Amino acid sequence: MSALKNDLLLRALRGETTERVPVWMMRQAGRYLPDYIKLREKYSFFERCMNPELATEITVMPVHQVGVDAAIIFSDILVVPQAMGMEVQLIEKIGPVLPDPVKGADDLKKLRVPDVKDTLNYVFEALALTKKTLDGAVPLIGFAGAPWTLLCYMVQGKGSKTFDSAKAFCYQQPEVAHQLLQMITDTTIAYLKEQVKAGADCIQLFDSWGGLLSPQDFELLSLQYMRQIVAALKDVCPVTVFAKGAWFALEEMAATGANCLGIDWCIQPVRARQFAGSNVTLQGNFDPAKLLAPIPEIKKAVKEMLNGFGKHRYIANLGHGILPNVPVDHAKAFIETVKEF
């Protein structure tokens, strides 16, 4: 295994001084890249995920084409519900569909905490192959969805802006909801530990729908489970927690012992730092839609963001995943402006 030639990301995660701010983009592997779109036309989503060679090819694309400081494995958060026994379909332009969602206690009997080495082996193979292919160029990030976000899809059965059915399920059947959240948590801990063994240098936990909850419900339905995951992983590798919209819980998320907190574009850098404290790295928070602005505007806005965060304990990123219609040269302008700062 080659020594890392660029370890900026890992040093920033550990709180060490870096000569410049490291930068990568959520959802950087795919969507907006022409070479990825060609593969998408040839293979279904899960064919791309489950074929280690294809997943590797997609993962390394942005390293060579856009110049990011880290690779994030090409996969999906919904491989976990799939491994637990649910049918998951990913339909282009529609999104995820889970045709047989969880409605009550009887449905939990159809699910299991799986042996991840068996059910998710294709992810570990992809990580190992990617690690070898990168040959030490940049660190490799592994990831999983947070339990609350996975419950949203498992109960709602599809994407939603509000996930009312998922919330109603938690309020009407709290015991079943917590049983399901614990099953997801146990699966996720095993899954992430295996990702690290397979080659992930650090991991990120995505709570895409954490911001739909009140502060009290966020603690009850999300944070207490993420806390278990961080506790199980933080001595194994650096951990980033990204809970979109949950800026109100930055202080509590920092107290989990996570190395880094991802933040979206709805909070100013100075306020995020006040809430999170000085002992955690911050990652974010460029509005992905702003990458559709003219390049001079992008560069100006990136510099403002960098000035807001400062250089220490900071990783430049978007405040959510890159949009499919972002031109590649706009993504490059974002990366290059950070590197030149």
Side-chain angles (χ1 to χ4, degrees), residues 24-65 68 70-100 111-112 114-134 140-147 149-150 152-154 157-159 184 187-188 190-206 208 242 320-324:
W24 67 282
M25 297 179 294
M26 288 185 271
R27 286 201 174 135
Q28 66 188 16
R31 299 182 107 191
Y32 66 109
L33 290 170
D35 288 350
Y36 172 80
I37 293 160
K38 284 178 201 159
L39 291 175
R40 191 180 67 194
E41 284 158 7
K42 228 166 149 181
Y43 305 97
S44 73
F45 184 82
F46 280 115
E47 279 175 325
R48 280 169 266 147
C49 273
M50 292 178 175
N51 179 318
E53 286 79 15
L54 281 175
T56 296
E57 186 184 341
I58 295 163
T59 302
V60 300
M61 266 179 203
V63 178
H64 303 309
Q65 295 182 15
V68 286
I72 182 164
I73 195 68
F74 178 75
S75 186
D76 194 87
I77 62 171
L78 295 178
V79 299
V80 165
Q82 207 173 36
M84 291 173 71
M86 285 193 92
E87 185 189 346
V88 179
Q89 301 166 1
L90 272 157
I91 301 163
E92 293 297 344
K93 296 190 170 61
I94 292 173
V97 176
L98 292 80
D100 192 16
L111 302 178
R112 64 188 184 278
D115 176 353
V116 293
K117 287 182 200 168
D118 176 38
T119 53
L120 291 163
N121 189 49
Y122 62 90
V123 179
F124 313 134
E125 283 181 26
L127 280 157
L129 183 58
T130 302
K131 188 78 174 165
K132 192 177 165 194
T133 306
L134 283 168
L140 178 57
I141 304 167
F143 72 91
T149 285
L150 293 183
C152 281
Y153 289 105
M154 292 168 84
K158 59 182 187 217
I184 300 167
T187 305
T188 302
Y191 176 47
L192 289 172
K193 282 185 171 176
E194 283 302 318
Q195 286 194 36
V196 176
K197 282 185 200 164
D201 295 295
C202 53
I203 61 112
Q204 178 156 319
L205 199 56
F206 284 87
S208 307
F242 173 63
H320 202 227
I322 191 167
L323 300 167

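Fair warning: this is a prediction, and the values are worked out from it, not measured in the lab.
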How far apart are the closest heavy atoms of [X] and [Y], and which atoms are they?
X: Tyr153; Y: Gly159; answer: CE2-CA, 3.8 Å
X: Glu47; Y: Lys42; answer: OE1-O, 4.5 Å
X: Arg40; Y: Arg48; answer: CG-NH2, 3.3 Å
X: Asp76; Y: Phe143; answer: N-CZ, 3.8 Å
X: Met154; Y: Ile184; answer: SD-CD1, 3.7 Å
X: Leu111; Y: Gly85; answer: CD2-C, 4.2 Å

Side chain proximity check, [X] to [Y], heavy atoms < 4.5 angstrom:
X: Met86; Y: Leu150; value: no
X: Pro324; Y: Tyr36; value: no
X: His320; Y: Phe242; value: yes
X: Leu54; Y: Phe74; value: no
X: Phe206; Y: Met26; value: yes
X: Val88; Y: Phe46; value: yes

- Test Leu120 against Glu194 for side chain to side chain contact (heavy atoms under 4.5 Å, CB included), laying out the working first. CA-CA 9 Å; Leu120 291 163; Glu194 283 302 318; over 6 Å; no
How many angstroms lie between atom [atom1] of [X] and atom [atom2] of [Y], to the nearest 0.5 angstrom?
X: Leu39; Y: Glu57; atom1: CG; atom2: CD; value: 5.0 Å
X: Leu205; Y: Leu192; atom1: CG; atom2: CG; value: 7.0 Å
X: Ser44; Y: Met50; atom1: OG; atom2: CE; value: 8.5 Å
X: Ile203; Y: Ile73; atom1: CD1; atom2: CD1; value: 14.0 Å
X: Glu125; Y: Asn51; atom1: CD; atom2: CG; value: 9.5 Å
X: Ile91; Y: Lys158; atom1: CD1; atom2: NZ; value: 11.5 Å

- Item | side chain to side chain contact (heavy atoms under 4.5 Å, CB included) between His64 and Asp35, worked out | CA-CA 12 Å; His64 303 309; Asp35 288 350; over 6 Å; no
- Check for a donor-acceptor pair, side chain of Gln28 on one end and backbone N or O of Ala70 on the other, with a separation under 3.5 Å. yes
- Query: Between Ser75 (side chain) and Cys49 (backbone), is there a donor-acceptor pair under 3.5 Å?
  - Reply: no
- Lys/Arg N to Asp/Glu carboxylate O, Glu41 vs Lys38, below 4.0 Å: no
- Going through the checks in order, is the side chain to side chain contact (heavy atoms under 4.5 Å, CB included) test met by Thr130 and Leu134? CA-CA 6 Å; Thr130 302; Leu134 283 168; 3.9 Å; yes
- Among Val60, Val63, Thr133, Asp201, find the one that has a side-chain contact (heavy atoms from CB on, under 4.5 Å) with Leu140. Asp201
